[in-house]
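The structure under discussion appears below in the form of structure tokens.
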Amino acid sequence: MDRPSPIAPPAAIGILGGGQLGRMLALAARAMGYGIWVLDPDPDCPAASVVDRVIVGSYDDVDAALRLADGVAVVTYELEHVAADVVEAVAARRPVRPGHRPLTVTQDRLAERRFVEASGVAVAPWREVRTPGEVLLAAAELDLPLRLKVPIGGYDGRSQLRITSPADLDDAWARLGRPAGAPLLAERELGFEAELSIVVVRGGDGQVVPFPVARNVHDGGILVESMAPAPVASDVAERATAIGARLAEAMDLCGTLTAELFLLEDGSLVVNELAPRVHNSGHWTIEGAATSQFEQHIRAICGLGLGSAGALAPAATVNLLGRGPRREARLLGTGAALADPAVHLHLYGKRDVFERRKMGHLTALGSTVEEALVKARAAVATLGWEEGR
Ligand code: ATP
Ligand code: MG
């Protein structure tokens, strides 16, 4: 495959979505001299303060997306919940990378499961269910506990339920707020040894450059900690990397693909979820890798050669989550958190804080990932949010 002709700075890049991922993509692109436009429903989105222009509009607003397209040379997205017709309309005017197919495959968990299996990669045993009776049948066939997931629109553990006994099934449908007959994904809950993720970037010429595998910890469905390179056997890391590369190729994507994986007790790997974008579990690459995931994504979508993606040092990232009721965000304890020279702070510029909102992250480097994690955790523990006034 020939690499597309390069898009050179000071051309502008358009991003569908101006959250923290859009913000960090914009910062990397800015450093390289690109202009940046974002589409976001919120004029004060996290990316707003670091981009040239915010087009205010929802992710299904075709007119707004076309205004963005007209101002830029290439369009990318920072979230997979962008309406398919928006991407189609934009793609008629400008290249959209990673592309349309990566989006349709990953926005729907059922389509995603089918795609992963068709690519020869394992997922947890699953069924598509449309009635409470079918969930009962799935529970009998797959065993409890089950995870019942809404196929489209979930993130951070929202839109899914854990079913541990048949009694949980009675109101599960109602609790997920789904109309009767709407499809759901029922999937066996796996007792995993560890959660891993692999971030790979595929250039316009088809070259795939993987980052080192990360090991992740979730709490209540939300990512709280990542460390990389993951402390796992080298054959596990190699198999995880091969899965990322194979799926990126099968999707024919140009840009970043993240695969969230479960490492099972027997050493096998199954895919939990795919994201055709930079990922929270790759934030460590800003300080810990030779090229960050954000710079690498920009290089790929602009048709440039990819950077080296090796780890510079063992790294750990801990997310900085909100606490308490919604109020203006004022961070306390920054001085203490950064007293350790190994620690780096990233705040996303969100005006309001609330319970469990992703507000920022801290990354620490160390001589081992365990040491880096201790440092990052200690730094996060010194931070807090001012009470509302
Ligand atoms: P995120 O946006 O954080 O990726 P999400 O809403 O997309 O979350 P999932 O990735 O499906 O949801 O699930 C979130 C977490 O819940 C997983 O990382 C894992 O810890 C747990 N989980 C989900 N499905 C299963 C399963 N089948 N077996 C065991 N644990 C699971
Ligand atoms: Mg997930």
Side-chain angles (χ1 to χ4, degrees), residues 1 3-4 7 13-29 31-32 34 36 38 47 74-82 87 95-107 112 115-116 155 196-214 216 223 226 228 240-261 271-286 288-311 317:
M1 204 194 311
R3 186 183 292 161
I7 295 165
I13 297 167
I15 308 177
L16 303 173
Q20 62 264 20
L21 300 178
R23 175 185 170 100
M24 289 184 273
L25 280 168
L27 289 169
M32 296 170 74
Y34 288 102
I36 290 280
V38 298
V74 60
V75 175
T76 188
Y77 40 82
E78 61 128 38
L79 75 178
E80 50 276 30
H81 306 302
V82 180
V87 172
V96 178
R97 297 179 184 142
H100 185 250
R101 179 163 154 75
L103 205 63
T104 50
V105 167
T106 59
Q107 349 187 264
E112 185 174 270
F115 164 79
V116 173
Y155 66 96
L196 306 178
S197 59
I198 172 73
V199 179
V200 302
V201 179
R202 186 164 182 262
D205 57 357
Q207 182 201 12
V208 175
V209 176
F211 284 100
V213 173
N216 308 318
L223 181 77
S226 286
T241 305
I243 288 173
R246 182 190 299 195
L247 295 174
E249 270 152 20
M251 248 181 225
D252 194 23
L253 121 170
C254 172
T256 310
L257 178 71
T258 304
E260 298 179 9
L261 306 164
V271 168
N272 170 43
E273 198 178 24
L274 303 179
R277 54 167 170 80
V278 288
H279 195 261
N280 195 164
S281 66
H283 292 355
W284 69 273
T285 60
I286 297 175
T291 307
S292 78
Q293 63 169 347
F294 303 102
E295 177 184 340
Q296 197 78 312
H297 182 78
I298 298 296
R299 291 166 78 131
I301 65 167
C302 289
L304 305 172
L306 302 181
S308 359
T317 291

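- For the side-chain contact (heavy atoms from CB on, under 4.5 Å) criterion with Leu16, the lone passing option out of Val96, Val75, Leu103, Val38 is Val75.
- In this structure a side-chain-to-backbone donor-acceptor pair under 3.5 Å is present from Arg202 to Leu253.
- Across all their heavy atoms, Ala259 and Leu274 have their closest contact at CB-CD2, 3.6 Å.
- Summarising the geometry of Pro212 relative to Ala311, their closest heavy-atom pair is CG-N, 3.9 Å, with the distance given to 0.1 Å.
- The backbone N or O of Glu80 lies less than 3.5 Å from a partner atom in the side chain of Gln107, making a donor-acceptor pair.
- With hydrogens and angles ignored, the 3.5 Å screen pairs no side-chain donor or acceptor of Tyr34 with any backbone N or O of Ala26.
- Counting heavy atoms from C-beta outward, Met32 and Leu304 have side chains that approach closer than 4.5 Å.
- Distance alone, capped at 3.5 Å, is enough to place a donor-acceptor pair between the Ser292 side chain and the Glu295 backbone.
- Rounding to the nearest 0.5 angstrom, the gap separating the OG1 atom in Thr285 from the CZ atom in Phe211 is 5.0 Å.
- When side chains are defined from C-beta on, Leu261 does not count as touching Asn272, because their heavy atoms never get closer than 4.5 Å.
- In this structure, the side chain of Gln293 engages the main chain of His279 through a donor-acceptor pair within 3.5 Å.
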Evaluation steps, side-chain contact (heavy atoms from CB on, under 4.5 Å), between Leu79 and Leu21 | CA-CA 8 Å; Leu79 75 178; Leu21 300 178; over 6 Å; no
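- Looking at every heavy atom in both residues, Gly255 comes nearest to Pro98 through CA-CG, 4.5 Å.
- A 4.5 Å side-chain heavy-atom check between Thr256 and Gln296 finds every atom pair outside the cut-off.
- Thr76 pairs in a side-chain hydrogen bond (donor to acceptor under 3.5 Å, both in side chains) with only one of the listed residues (Arg277, His297, Arg97), which is His297.
- Residues Pro276 and Tyr77 approach most closely at O-CE1, 3.6 Å, considering heavy atoms.
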Trace of the side-chain contact (heavy atoms from CB on, under 4.5 Å) decision for Val209 with Val200 | CA-CA 6 Å; Val209 176; Val200 302; over 6 Å; no
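- Between the side chain of Glu112 and the backbone N or O of Glu273, no donor-acceptor pair lies under 3.5 Å.
- In this structure, Thr106 contributes its side chain and Ala275 its backbone to no donor-acceptor pair below 3.5 Å.
- Taking the six-membered ring wherever Trp is involved, the centroid distance between the rings of His283 and Phe294 falls below 6.0 Å.
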Go through the steps for Ser197 and Ser281 under the test side chain to side chain donor-acceptor pair (under 3.5 Å), then give the verdict.
-> CA-CA 7 Å; Ser197 59; Ser281 66; 2.7 Å; yes
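- Here the straight-line distance linking atom CE of Met24 with atom CG of Asn280 works out to 7.5 Å at 0.5 Å rounding.
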Kindly indicate, with the supporting measurements, whether the criterion side-chain contact (heavy atoms from CB on, under 4.5 Å) is fulfilled by Thr258 and Val278.
-> CA-CA 7 Å; Thr258 304; Val278 288; over 6 Å; no
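- With contacts defined as side-chain heavy-atom distances shorter than 4.5 Å, the pair Val208/Val201 does not qualify.
- At least one side-chain heavy atom of Ile13 sits less than 4.5 Å from a side-chain heavy atom of Cys302.
- With values rounded to the nearest 0.5 angstrom, Leu25 atom CG is found 11.0 Å from Gln20 atom CD.
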Derivation of the side-chain contact (heavy atoms from CB on, under 4.5 Å) call for Thr291 and Leu306 = CA-CA 9 Å; Thr291 307; Leu306 302 181; over 6 Å; no
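- The shortest non-hydrogen separation linking Ala300 to Gly203 is CB-CA, 4.3 Å.
- Residues Val213 and Thr241 meet the side-chain proximity criterion, which asks for heavy atoms closer than 4.5 Å.
- Contact detail for Asn216 and Leu196: the closest heavy-atom pair is ND2-C, 3.7 Å.
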